[in-house]
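In what follows, every chain begins at residue 1, and chains take the letters A, B, ... in the order their sequences are listed.
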Amino acid sequence: MKNFSSISDIEDINAWIDEAKSLKSNPYLHKNLGNNRTIGLFFFNSSLRTRLSTQKAALNLGMNTMVMNVSGDAWGIEFEDGTIMNGTTAEHIKEAAAVVSQYCDIIAVRAFPTLTDKVKDESEYVLKAFMKYATVPVVNMESATGHPLQGFTDAMTISENSQSKKPKVVLSWAPHVKSLPHAVANSFVQAMQKMDVEFIMTHPKGYELNPQIVGDTPVVYNQEEAFEKADFVYVKNWSSYKDYGKVLNTDPKWMITQNKLGNAKFMHCLPVRRNLIVEDAVLDSENSLVIQQANNRTFAAQLVLKKLLENA
Amino acid sequence: MKNFSSISDIEDINAWIDEAKSLKSNPYLHKNLGNNRTIGLFFFNSSLRTRLSTQKAALNLGMNTMVMNVSGDAWGIEFEDGTIMNGTTAEHIKEAAAVVSQYCDIIAVRAFPTLTDKVKDESEYVLKAFMKYATVPVVNMESATGHPLQGFTDAMTISENSQSKKPKVVLSWAPHVKSLPHAVANSFVQAMQKMDVEFIMTHPKGYELNPQIVGDTPVVYNQEEAFEKADFVYVKNWSSYKDYGKVLNTDPKWMITQNKLGNAKFMHCLPVRRNLIVEDAVLDSENSLVIQQANNRTFAAQLVLKKLLENA
Amino acid sequence: MKNFSSISDIEDINAWIDEAKSLKSNPYLHKNLGNNRTIGLFFFNSSLRTRLSTQKAALNLGMNTMVMNVSGDAWGIEFEDGTIMNGTTAEHIKEAAAVVSQYCDIIAVRAFPTLTDKVKDESEYVLKAFMKYATVPVVNMESATGHPLQGFTDAMTISENSQSKKPKVVLSWAPHVKSLPHAVANSFVQAMQKMDVEFIMTHPKGYELNPQIVGDTPVVYNQEEAFEKADFVYVKNWSSYKDYGKVLNTDPKWMITQNKLGNAKFMHCLPVRRNLIVEDAVLDSENSLVIQQANNRTFAAQLVLKKLLENA
């Protein structure tokens, strides 16, 4: 593994889950691995869990950490090739990525989509430019179309909580007031497709995810029907993919309630808007796994960093 | 001590002062205590001394540090219970505090008051929500109504500079152009009430602090009279408590001058506006203790962190 | 050396270059030198290379690092003496510099010029105030009129790439849309004047740098003529010094092209605007040294910090 950009970089998800669990039970075992190694965390967007858990993962491995908000701390970055840079951007990604590779042994990047320009977003121009011009491994801390650190975390959390041999996992859309990215939903779908689970999705019509990602994962448009006998309900809002970036539906009937959930475990990547996405009763119940998911972010990241360091 | 939220968390202030002095003379003695322990510093407001001294204190104990400006770096946080989160806040404190507890062994928080909503400020809704929902110790880095790291620092500094058995300490209000919080003044009053000092306050009428905090500490409305035979004059502006958050008085006669001070030591928590709060001659004299106070912030914080780590 | 504020603080540039090369080949040899020592990096302006390379340099020496954006994180700082601080600034540099000296063993500062007030900029009021009121060494991370960490890096990079005994080095102005500082150009001139090189400058009329810095370094106003038989072409835009801070010329004929350069090595401090300052073909060629320069920033800073720590 040269970079960690997508769920498809995970060759054997069960082996990875086992190793991440092992790191969780003994986080400081590889504390010398990161000796004199430095990770740079570069944020084009806000972050709480990813910012802290990725730092924590690096610290557990004995790495040095350097964290930057690209926009506020440094210069506007140009991603177009061949352009005459007489506008607002002051530094080209060709230099930026090569330069930070001089100071960092691993580069981690967060860059959200525009949600207005589908072609640009799907090109993953920020993440791919870092991967192209950096001379060290790049880690995706949520890009335009994927959030694989989250997706792998979620697979690990399901594995930790699974009672049955082949649990039923449902990804459910829920309403939100703003236009949100598809990244978390995409990576969750891809992670579940690699797991030995019964996996289906439910969302209103018009909210179909990228068909290339969905593949033959069944979609059930009736939420109640989808939740029947579910072991895990993973909830996330996203904006329309077809009518790109649009909010087509805010129907509160899609909100997750305790009544709908029954005994299923509730999962969400956070941050979550209470009583809009999910009612308080669910988050405050013992069936909510959201804090365990947040905790597992550390060990998912730690495994990725460990693999990249060992490969260096 | 589960959390450090207020001066009232200090059981025996003289024992604490002795121990803080001991840390000052040997700052790295407990460098292994923080091994594989992480502190998260979360700022809702600006900070210079608190930001650096708390980091330094943690580093002296061998801890890892992670620092965040909550507003700029992460998501808007919701503190109301039961609300439908369809506005500007994206994450509820219930999740935020529980989540950061997964990455941090100690959480330190700075959150200033509104100075417009007295009930809300006095509820200490930010600090108390962190204490309620975090699963690790919480340290107050200045909340709506208290700044106990500063108050304890000030007690330590007075102890270091005390010539007489029972020094006379005066807390004096001084004029300012903006509406400032009561936190530093409150914690100083509470710290002095625990010390073996002769403690009085002086300020214009209308600037009475919260009577529950003042208790039976004498107030002398004549500044000159209050300063007579003072050993220490601690200066701070605050806005009105009764006429909540209002600037009622900007009379330059209340500014601290060398002439008024005589041989008394001058103290201030900083930042201080020169020639508005206090004239240059005072700050530039040998009787000013402000830099020593700033230095002692490290050891006050280090003692608090040490106690919380030992208690963990 | 008490502080590192200017190229003139380098006594023997060849000895420094040798030592910086030695750090580059063995970066962790002095990892114990920074044990329990802390550097504070204070940014009044944006930074990418300087921010990361100075942190990296400190980490290589085993130091702790604390990084702050002064404006966003802390308080507005007052630099005028004797002023009544009833405006927007909340803390005087007298306190700020003395206070951070309590937490940091070395203070590094970046503060760009106004480019509107020549007298103020040339007074170097920010850097000099830090040097005056700090009680620990101060490092210039680019001030109003100089960027000596960059200048020394550039001397080191030329030394690494020099084929001939006495290479010809040309500093060339190139066009830009914004008004840029003179700091990098000034420090490069000063560094070259200390080196055993044939050094000339080229720029349009009206772009003469401060004559006190230029001294007897030849200026050739014809760029093509200046580039004849050049071994190194160092490129930078700056605004007019005489007509202070003005953009007098944006003639694209001054842009650096592969054709103009021939076999000369291309150097630039970065960030660089592609196809405005220099065409893609140059930056993408093997004759570009810009990434090597960026890498050498670490070892230039590491040498400066090492000298300051050893001197402490």
Legend entry - Stepwise side-chain contact (heavy atoms from CB on, under 4.5 Å) test for K31(C) and N35(A): CA-CA 11 Å; K31(C) 185 108 190 211; N35(A) 191 29; 4.2 Å; yes

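Contacts of Y28(C) with chain A are made by side-chain atoms alone, with heavy-atom separations under 4.5 Å and no backbone atom involved. Proximity to chain C is limited to the backbone of T83(A), based on heavy atoms less than 4.5 angstrom apart. Neither the backbone nor the side chain of Y133(A) comes within less than 4.5 Å of any heavy atom in chain C. Using a 4.5 Å cut-off between heavy atoms, D280(C) touches chain A through its side chain atoms alone. Interface remark: K178(C) contributes no atoms to any contact with chain A (heavy atom separation under 4.5 Å). The contact between R51(C) and chain A is made entirely by side chain atoms (from C-beta outward), counting heavy-atom distances below 4.5 Å. Contact annotation for M66(A): both backbone and side-chain heavy atoms come within less than 4.5 Å of a heavy atom of chain C. In this structure, chain C has no heavy atom under 4.5 Å from any part of N69(A).
For the pair D284(C) and K94(A), the salt-bridge criterion is met [side-chain N within less than 4.0 Å of a carboxylate O].
For E122(A), the CD atom is densely surrounded, since the number of other residues' heavy atoms within 6.0 Å is greater than 12. Around CD of E286(C), the count of heavy atoms belonging to other residues, nucleotides or ligands within 6.0 Å does not exceed 12. Heavy-atom contacts from other residues, nucleotides or ligands closer than 6.0 Å to CG of N311(A) number more than 12.
Closest heavy-atom contact between M85(A) and V272(C): CE-O, 4.0 Å. Taking both residues in full, the closest heavy atoms of E91(A) and L48(C) are given as OE1-CD2, 3.6 Å, listed atom of the first, atom of the second, then distance. For the residue pair A90(A) and P271(C), the shortest heavy atom distance occurs at O-CB, 3.3 Å. Taking every heavy atom of both residues into account, S46(C) and A74(A) meet most closely at OG-O, 3.2 Å. Here the closest non-hydrogen pair linking N275(C) and I84(A) is O-CG2, 3.5 Å. Between Y103(A) and L52(C), the shortest heavy-atom distance links the atoms CD1-CB, 3.5 Å.
In terms of heavy-atom pairs under 4.5 Å with chain A, the best-connected choice from N295(C), V177(C), L283(C), L276(C) is N295(C). When each of G82(A), G40(A), S101(A) is checked for heavy-atom pairs under 4.5 Å with chain C, G82(A) comes out on top. Ranked by non-hydrogen atom pairs under 4.5 Å with chain A, the options E279(C), Q55(C), Q292(C) are led by Q55(C). Put simply, of V99(A), V70(A), T38(A), V100(A), the one with the most heavy-atom pairs under 4.5 Å next to chain C is V99(A). For chain A, the option among T250(C), T298(C), L270(C) with the highest count of heavy-atom pairs below 4.5 Å is L270(C). Top candidate by heavy-atom pairs under 4.5 Å with chain C, chosen from N86(A), N36(A), N64(A), is N36(A).
Between the side chain of R273(C) and the backbone N or O of G87(A) there is at least one donor-acceptor pair closer than 3.5 Å.
In this structure, the separation between CD on Q102(A) and CD on Q293(C) is 11.5 Å, given to the nearest 0.5 Å. Rounded to the nearest 0.5 angstrom, E80(A) CD and R274(C) CZ are separated by 13.0 Å.
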